[in-house]
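Accompanying notes for the structure given below.
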There are 2 protein chains.
Amino acid sequence: MFSLSEENYLKAIYHLEKQADSGVSTNAIAEQMDTKASSVTDMVKKLSDKDLAIYRKYQGVQLSEAGKQTALQIIRKHRLWEVFLVDKLNFSWDEVHEVAEQLEHIKSEKLITELDKFLDFPKRDPHGDPIPDAKGNFQVANKTLLSNLEIGDFGKVVGVKDSSSEFLKYLDKNNIALGREIHILDKEKFDESMLVEINEKQLRISPIVSSNIYIKS
Amino acid sequence: MFSLSEENYLKAIYHLEKQADSGVSTNAIAEQMDTKASSVTDMVKKLSDKDLAIYRKYQGVQLSEAGKQTALQIIRKHRLWEVFLVDKLNFSWDEVHEVAEQLEHIKSEKLITELDKFLDFPKRDPHGDPIPDAKGNFQVANKTLLSNLEIGDFGKVVGVKDSSSEFLKYLDKNNIALGREIHILDKEKFDESMLVEINEKQLRISPIVSSNIYIKS
DNA sequence: ATTTTTATTTAGCTTTGCCTAAAAATAATT
DNA sequence: AATTATTTTTAGGCAAAGCTAAATAAAAAT
Ligand SMILES: [Mn+2]
Ligand SMILES: [Mn+2]
Ligand SMILES: [Mn+2]
Ligand SMILES: [Mn+2]
């Protein structure tokens, strides 16, 4: 169907489109994909020719409906594989992304249908992100960043914004995991750092940490 | 490490080397890989440069020790994935090969170690082929082709030589599966066809069938 | 309203893996 | 042994996906 490279571009554009309101810029894609702007221009033209994206010179790109659906199916596969790795193969949540990046490109309808069933139709991946169904539908959780909470608030950790291995290892070290109750004891006006209670222990966290943890409050 | 294409060539050469006694010919590889002889020459030079193969112009190729080990690890992955698909995801033995061709190229040491463990260290794949261990070792079964048996002989089906979907479906239709007892009732001298009893039913099979079924007798 | 800076595109080149057609080597026949 | 047929290699090209450097458009600053 589509090349590995095309699939990766679609995924990147999909993710960038959620933040940007207008078209996604060439440079934004280049940065996300760790490639050069000129390469992006080439590919974006190709996606446009294949009606996977809408592109006007100097105006950025947006995914077409077909492009969005394709991206969602790749994301579906990525996240299902992540669940598989954690639930069945003893991977930790900081180890799965790299491997899922490869597995998401395997082409087999039956494989993904059966994997979904085998995993008992999970709704979220190990990082708390929603798993689209075969039609591309998924639940958007009403979550907020930990950094938005105020002194005295309670909440439950439901996801991470940054899912880099480094950040996840930091969370592990401090016993912060999905599902944990968190209580805001203090918030420093000066540097926005927070004192929180989690797992019956007190912990001071910097804003770079609190702005990468999703909370359901 | 190695490209998808390089890995496929190594695998093809490995399989061809088992039959051919001298070096594997360019044309044989081209046919196996469904490509052109000139493309094979190119790739074989590259493998030779990387010390994965020994190649002398017009004399065919052989795998080096490194090349053989690499091939065996790909075969290991291929067969483990086939077991996974059949044992865990309800695939039938005629559906797995295509998907395993893709999955065998996923790069992750941990993935394959854990998959092996998850499957309880299987020794054979769904077609009866041995699964090499992490060091490339595997048991060679003492098996023979059904076509070599004589009238009155008994045996057990332990593998298939042709594992094309068409052949496997034919076997399914006639209730021939791994582990089944088989009894040779008659063998026609003229066309080498056989009358066998399997599953308490009599069945006449052509030499093209009997020479693609492995028996342990 | 210019000028300067930044972003984007174009042009031209590289590598990988493949192809066709022609040339060269090897194998098979006569 | 010479000729013919087959196999293999070489030469020259193509498409995908990347890159650098130069040109152009858009945005920001003066
Ligand atoms: Mn991921
Ligand atoms: Mn994830
Ligand atoms: Mn197979
Ligand atoms: Mn097999």
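To find a chain, count down the sequence lines: A is the first, B the second, and so on, and within it residues start at 1. These numbers come from a predicted model, not from an experiment.
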Next on the checklist: Once ring pair (Phe, Tyr, Trp, His ring centres under 6.0 Å) is applied, do any residues pair with B:H127, and if so which ones, sequence neighbours excluded?
Outcome noted: none
Item to check | Gap between atoms CG and C1', on A:D49 and D:dA16 respectively (whole Å) | outcome: 14 Å
Checklist entry - Rounding to a whole Å, what distance do you find between B:R56:CZ and D:dT9:P? => result 12 Å
Checklist entry - Quick one, which residues of residues 11-24 of chain B touch DNA chain C with a heavy atom under 4.0 Å? => result none
Next on the checklist: Checking base pairs now: Watson-Crick or wobble, both atom distances under 3.5 Å. What partners D:dT30?
Outcome noted: C:dA1
Item to check | B:M33 CE - C:dC19 P separation (whole Å) | outcome: 10 Å
Item to check | Set of residues satisfying side-chain hydrogen bond (donor to acceptor under 3.5 Å, both in side chains) with respect to B:D51, sequence neighbours excluded | outcome: none
Checklist outcome for this item: Sorted by chain and number, sequence neighbours left out, salt bridge (Lys or Arg N to Asp or Glu O under 4.0 Å) with B:E17 holds for none
Checklist entry - If only side-chain N and O atoms of B:N27 are considered, is one of them under 4.0 Å from the OP1 or OP2 phosphate oxygen of D:dT6? => result no
Next on the checklist: I'd like to check the salt bridge (Lys or Arg N to Asp or Glu O under 4.0 Å) partners of A:R124; sequence neighbours left out, ordered by chain and number.
Outcome noted: none
Checklist entry - Between A:K36 (NZ) and C:dG12 (C1'), how many Å, whole number? => result 16 Å
Next on the checklist: Expressed as a whole number of angstroms, how long is the span from A:I29:CD1 to C:dA7:P?
Outcome noted: 15 Å
Checklist entry - Is a donor on one side and an acceptor on the other found under 3.5 Å between the side chain of B:T70 and the backbone of B:A66? => result yes
Next on the checklist: Rounded to whole Å, please give me the gap between CE in B:M43 and C1' in C:dC19.
Outcome noted: 14 Å
Checklist entry - Counting any heavy atom closer than 4.0 Å, what does B:T26 reach on the DNA or RNA strands: base, sugar-phosphate only, or nothing? => result sugar-phosphate
Next on the checklist: B:S147: which residues meet the side-chain contact (heavy atoms from CB on, under 4.5 Å) condition with it, sequence neighbours left out?
Outcome noted: B:L145, B:S210, B:S211
Checklist entry - Looking at A:R79, A:K123, A:R76, which hits side chain to side chain contact (heavy atoms under 4.5 Å, CB included) with A:P130? => result A:R79
Checklist entry - Does the side chain of B:Y9 get closer than 4.0 angstrom to OP1 or OP2 of C:dT16 through an N or O atom? => result no
Checklist entry - In whole angstroms, how far is the P atom of D:dA11 from the CG atom of B:D42? => result 11 Å
Next on the checklist: I want to check one thing: is the phosphate of D:dG18, taken as OP1 and OP2, less than 4.0 Å away from some side-chain N or O of A:S39?
Outcome noted: no
Next on the checklist: Starting the side chain at C-beta, find the nucleotide from D:dC19, D:dT8, C:dC18 nearest to A:T35.
Outcome noted: D:dC19
Just distance, no hydrogens or angles: give the donor-acceptor pairs under 3.5 Å from side chains in residues 88-109 of chain A, sequence neighbours left out.
from   : atom 1 : to     : atom 2 : distance (Å)
A:N90  : ND2    : B:E114 : OE1    : 2.9
A:S92  : OG     : A:D94  : OD1    : 2.9
A:S92  : OG     : A:E95  : OE1    : 3.1
A:W93  : NE1    : A:D172 : OD1    : 3.1
A:W93  : NE1    : A:D172 : OD2    : 3.4
A:E95  : OE1    : A:S92  : N      : 2.9
A:E95  : OE1    : B:K110 : NZ     : 3.3
A:H97  : ND1    : A:H78  : NE2    : 3.2
A:H97  : NE2    : A:E101 : OE2    : 3.1
A:E101 : OE1    : A:K11  : NZ     : 3.1
A:E101 : OE2    : A:K11  : NZ     : 3.0
A:Q102 : OE1    : B:K107 : N      : 2.7
A:Q102 : NE2    : B:K107 : O      : 2.9
A:E104 : OE1    : A:K11  : NZ     : 3.3
A:E104 : OE1    : A:H78  : ND1    : 2.8
A:E104 : OE2    : A:K11  : NZ     : 2.8
A:H105 : ND1    : A:E7   : OE1    : 2.6
A:H105 : NE2    : A:N8   : OD1    : 3.0
A:H105 : NE2    : A:E101 : O      : 3.3
A:K107 : NZ     : A:F2   : O      : 3.3
A:K107 : NZ     : A:E7   : OE2    : 3.2
A:K107 : NZ     : A:H105 : O      : 3.4
A:S108 : OG     : A:L111 : N      : 3.0

Item to check | Interatomic distance where CD belongs to B:E6 and P belongs to C:dC18 [whole Å] | outcome: 10 Å
Item to check | B:N137: partners by side-chain contact (heavy atoms from CB on, under 4.5 Å), with sequence neighbours left out | outcome: B:D133, B:K135
Checklist entry - Checking all strands, does A:S5 fall into the base, sugar-phosphate, or nothing category for heavy-atom contacts under 4.0 angstrom? => result sugar-phosphate
Enumerate the protein-to-nucleotides 21-29 of chain C contacts in which both atoms are nitrogen or oxygen and the separation is below 3.5 Å.
from   : atom 1 : to    : atom 2 : distance (Å)
C:dA25 : O4'    : B:Y58 : OH     : 3.2

